[in-house]
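If you're wondering where the values come from, they're calculated on a predicted model, not measured in any experiment.
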Amino acid sequence: MSFAQPKTVIEEGDTVILYVTTNVYAIEAVPQIRNKKNEMVEYVFQTNFGALKVKDIIGVPYGSKVELSKGWAHVLQPNPELWTQTLPHRTQILYTPDISMILYQLEIKPGSVVIESGTGSGSLSHYFLRAIRPHGYLHTFDFHEERVQKAQEEFDSHGLGEFVKVTHRDVCQNGFGEELNGKADAVFLDLPAPQLAIPHAAKALKNEGGRLCSFSPCIEQSLRVCEALEQHGFVDVLNLEVLQIEDVVRTKNVPVMDLEFVKHKKSESDKDAKTPKETKKYITSNAPNTIAGHTGYLTVAELPPLFAR
């Protein structure tokens, strides 16, 4: 229940983020786990700085420093950003740079009804759920039955089950279901052939209009989405690529020449003397030698109100 609301103390069953120097791990706060022999044994989590007996963190305040057998770590309450770094990967996932643009372009807010396909590992789903609570709802779809089951279990264990429904369905062929026609404020697509889901998305968006965003790793895929959007009445189609560049800030010592001697005529004795120099410290900023590469293209569009289509 650790995602649903801010908490002070770790309770049994919580998902907890263990922060160890530059590494983060997601662990379940339970005293025992089942081993490979199907036996219940004490839960001991191993890190580069030694072992942690997980039962010792139950009842500890979030943010506390806890002892490991060879060092120490901090226990943190999870949020979507930390969960994205630690979640079990069932598929390739989206990361914060793309996710932040998706939330902005879809105009997600508390109370929004959002349709997502596919669910994948649930990285983006957790951001949607944080943005739409407490009155919104997420309908997320995936064609892989095992991923659907795992995702629903995670949402329930995180205390988010009342805000989301995970459905096993091929939305490209079967759509989102008649019960969702005219119900959604926004639709997000992360599919191998998203252009096939565009007509179903147009039906699912509200009569007052709504927003759609599709993630495509290839430009050819994105172009097919743009064509389908135009055919089904979408306007203001925009194609984006988000690249994260982190400037490196450092202090540099820069040599500075004293030019006072230019104002005065040198005497014979000064001609052989060297011009005095000094160094000054400056804070500089420059781009790194390498930057993060391409992840995908975001194709965004608006479906106007029914009377204007």
Side-chain angles (χ1 to χ4, degrees), residues 3 17 24 26 78-109 112-133 136 138-144 147 151 154-155 158 160 164 166 171-172 184-195 197-198 201 205 210-226 228-229 234 236-247 287-288 290-303:
F3 278 82
I17 301 298
V24 287
N79 57 29
E81 289 79 11
L82 292 172
W83 180 244
T84 292
Q85 296 180 51
T86 58
L87 59 79
H89 284 221
R90 297 182 286 272
T91 59
Q92 185 177 354
I93 68 171
L94 295 176
Y95 290 93
T96 305
D98 285 318
I99 290 174
S100 60
M101 181 59 71
I102 292 166
L103 294 174
Y104 171 70
Q105 291 293 341
L106 288 180
E107 301 177 0
I108 304 298
K109 57 185 181 296
S112 294
V113 176
V114 179
I115 292 176
E116 175 194 25
S117 186
T119 310
S121 300
S123 172
L124 177 60
S125 305
H126 281 77
Y127 287 84
F128 279 143
L129 288 166
R130 180 176 63 181
I132 65 177
R133 289 188 294 124
L138 173 65
H139 299 272
T140 181
F141 296 82
D142 202 290
F143 71 93
H144 194 283
R147 288 203 292 262
E154 282 181 354
F155 294 138
H158 294 167
L160 302 171
V164 57
V166 191
V171 299
C172 294
D185 295 291
V187 175
F188 175 77
L189 303 175
D190 184 3
L191 303 168
Q195 71 275 9
I198 298 298
L205 289 169
R211 303 280 292 174
L212 179 142
C213 179
S214 173
F215 178 85
S216 306
C218 305
I219 190 63
E220 294 84 3
Q221 190 182 43
S222 181
L223 290 174
R224 289 192 288 269
V225 171
C226 292
L229 289 170
F234 287 83
D236 296 334
V237 180
L238 181 65
N239 212 43
L240 301 168
E241 182 181 21
V242 180
L243 297 177
Q244 183 176 6
I245 300 177
E246 181 180 357
D247 281 350
T290 59
I291 63 174
H294 167 80
T295 56
Y297 299 99
L298 298 176
T299 306
V300 185
E302 175 88 20
L303 186 67

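Within the 4.5 Å cutoff, side-chain heavy atoms of Leu94 are placed close to those of Ile102. Using a 4.5 Å heavy-atom cutoff, the side chains of Thr299 and Val237 are in contact. Taking the side chain as every heavy atom from C-beta outward, Gln244 and Thr96 never approach each other to under 4.5 Å. In this structure, Glu154 and Pro88 have side chains that are in contact, with non-hydrogen atoms separated by less than 4.5 Å. In this structure, Asn239 and Ile219 have side chains that are in contact, with non-hydrogen atoms separated by less than 4.5 Å. A heavy-atom distance below 4.5 Å is not found between the side chains of Ile17 and Gln85. Using a 4.5 Å heavy-atom threshold, the side chains of Thr295 and Val242 count as separate. Here the side chains of Ser125 and Val164 are not in contact, with every heavy-atom distance at 4.5 Å or above.
Rounding to the nearest 0.5 angstrom, the gap separating the CG atom in Leu298 from the CZ atom in Phe188 is 7.0 Å. How far CG of Asp98 is from CD1 of Ile93: 11.0 Å, rounded to the nearest 0.5 Å. Note that the CZ atom of Arg130 and the CD atom of Glu81 stand 4.0 Å from one another [nearest 0.5 Å]. A distance of 7.0 Å separates OG in Ser214 from CG in Leu191, rounded to the nearest 0.5 Å. Note that CD of Glu302 and CG of Leu106 are 10.0 Å apart. Values are rounded to the nearest 0.5 Å. Atom CZ of residue Arg90 and atom OG1 of residue Thr119 lie 9.0 Å apart, to the nearest 0.5 angstrom.
Here the side chain of Gln221 pairs no donor or acceptor atom with the backbone of Pro194 at under 3.5 angstrom. No donor-acceptor pair under 3.5 Å is formed between the side chain of Asp190 and the backbone N or O of Gly118. At distances below 3.5 Å, not a single donor-acceptor pair connects side-chain atoms of Thr84 with backbone N or O atoms of Tyr95. Of the possible donor and acceptor atoms, one in the side chain of Asp185 sits under 3.5 Å from a partner among the backbone N and O of Val113. Remark: the backbone N or O of Thr91 is paired with a side-chain donor or acceptor of Ser121 at under 3.5 angstrom. Without hydrogens or angle criteria, Arg211 side chain to Gln105 main chain gives a donor-acceptor distance under 3.5 Å. In this structure a side-chain-to-backbone donor-acceptor pair under 3.5 Å is present from His294 to Pro217.
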Stepwise side-chain contact (heavy atoms from CB on, under 4.5 Å) check, Leu160 with Arg133:
CA-CA 9 Å; Leu160 302 171; Arg133 289 188 294 124; 3.8 Å; yes
For Phe128 and Thr140, what are the C-alpha separation, side-chain angles and deciding distance, and is it a side-chain contact (heavy atoms from CB on, under 4.5 Å)?
CA-CA 10 Å; Phe128 279 143; Thr140 181; over 6 Å; no
Between Ile198 and Leu212, is the side-chain contact (heavy atoms from CB on, under 4.5 Å) condition met? List the steps.
CA-CA 9 Å; Ile198 298 298; Leu212 179 142; 4.1 Å; yes
Show your reasoning for whether side-chain contact (heavy atoms from CB on, under 4.5 Å) applies to His158 and Leu129.
CA-CA 11 Å; His158 294 167; Leu129 288 166; over 6 Å; no
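Nearest approach of Ile115 to Ala184, heavy atoms of both residues: CD1-CB, 3.7 Å. Listed here is the closest heavy atom pair of Tyr127 and Pro80: OH-O, 3.5 Å. Residues Ala26 and Trp83 approach most closely at CB-CZ3, 3.8 Å, considering heavy atoms.
Within 6.0 Å of CD in Gln92 there are 12 or fewer heavy atoms belonging to other residues, nucleotides or ligands.
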